[in-house]
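Everything below concerns the one structure shown next.
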Number of protein chains: 2
Amino acid sequence: MARIPVSSARERILDAAADLFDRYGVHAVGMQRIIDEAGCGKNLLYREFSSKDELVVAYLRRAARGWDITLEAARATVATPQRQLVELVRVVGERVPGTRGCPLRNTYAEFPDRDHPAHQVALEHFGAVREQLCELARQTSAPAPERLADRILLIINGLYINASGVGAEESAAIAVQLAQDVVRGETAAKASRSGVS
Amino acid sequence: MARIPVSSARERILDAAADLFDRYGVHAVGMQRIIDEAGCGKNLLYREFSSKDELVVAYLRRAARGWDITLEAARATVATPQRQLVELVRVVGERVPGTRGCPLRNTYAEFPDRDHPAHQVALEHFGAVREQLCELARQTSAPAPERLADRILLIINGLYINASGVGAEESAAIAVQLAQDVVRGETAAKASRSGVS
DNA sequence: ACGCTAGCAGACCGATCGGTCCACCTCTCA
DNA sequence: TGAGAGGTGGACCGATCGGTCTGCTAGCGT
């Protein structure tokens, strides 16, 4: 068998694990299955990741990094912060069909224990996303940027759940439309009846 | 030990299981723990529920029934279908703090296998909810009732995820506000720029 | 050409899983 | 009061879990 550079081993294992976790869930996938899929020995896997928990954390961190990249791409693709918020929803809706939704949110649901590292990584990510959305919203003319950010977050979260069932494409379209309306409504000069706070 | 009427045994076990499933997730809870919590023998449990899967399904069906009751209550509490849609969001937001979110949605995330009965029950419920919301939306003056229903569903789903982390109360307020705005916007005479369909 | 090392394969471990079965106890009713 | 139904507690089963350890093979550098 061809000698593969050591540095790639970690990524190869992580690829296999991510694919299986995404498809079947973390609990449902045993380490042996990951090993089989990655085509490596147990030794190598446990040298790179000292436990399953550590592997799961690495999986989640990579997913979180993926989100950050998505955000950066949205910022680069579209000019105004208003459109960037909508673009984020659009990209999520574009990617979610055919998947089980968001790895972080799914794994979070699988590990309710507050002390579990996977739970903590997910929570940390959710906080970061909210902060990113707030930052974007503050760059708009919205009088209540945090409310705008929370509304977009609500839409994104809803989209992730909605799309994991049937009708992913329709859900995506609905979410993007709603995001457009929300951004337009929130950045309109007049304060909405719902109040500024 | 006092003889407890047999008919209540099933409910007692289901109560214990639901409490544990809600708090720790289905995978994380073993049958022995449910038995300990319910204070019954293994025999009785396996007579009422022939397998863990069956117990999980019963747990989900009861949660789905709970939703139906909530819907009925919202219909009884508030007069117009517009306010009923908002009321639904309000009640969900009111109940979700301190919980891990929606049992059906969480368990759905835990059982991605399409063939698993728990997965099917959850999917069935999601479809029913969407249909209920559509029916409510059709009773409003909204020119695109299905879009209204999908938007409310998006908000409810987003709320369930949002609130399972930190800041449940704030998320609830955000969701209710957004639901109000959405209902108002969708039932306004003029068609939104987003188009009717 | 040969030793060294990295990595695959798999035996093995204790713990725990869902599920079955049996012994004993307790309450009911004749 | 004694037989029997119903239920608890726990031993027990095979399978599988995460994780460790030991060969053995294949490729490299000298």
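Just so it is clear: chains get the letters A, B, ... in the order the sequence lines come, proteins before strands, and each one is counted from 1.
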Contact state string [nucleotides 10-23 of chain C, B base, S sugar-phosphate only, - no protein heavy atom under 4.0 Å]: B-------SBBBB-
Between atom [atom1] in [X] and atom [atom2] in [N], what is the gap in whole Å?
{"X": "B:Asp36", "N": "D:dG10", "atom1": "CG", "atom2": "P", "answer": "9 Å"}
{"X": "A:Leu44", "N": "D:dG19", "atom1": "CG", "atom2": "P", "answer": "16 Å"}
{"X": "A:Arg47", "N": "C:dT5", "atom1": "CZ", "atom2": "P", "answer": "14 Å"}

Short question: side chain of A:Lys52, backbone of A:Val26 - any donor-acceptor pair under 3.5 Å? yes
Side-chain donor-acceptor contact under 3.5 Å, B:Gln32 with B:Asp36: yes
Between the side chains of B:Tyr59 and B:Asp22, does any donor sit under 3.5 Å from an acceptor? yes
Carboxylate-amine/guanidinium contact B:Glu135 B:Arg130, below 4.0 Å: no
If hydrophobic clusters are built by linking Ile, Leu, Val, Met, Phe, Trp and Tyr wherever their side-chain heavy atoms come under 4.5 Å apart, do A:Tyr46 and A:Val56 end up in the same one? yes
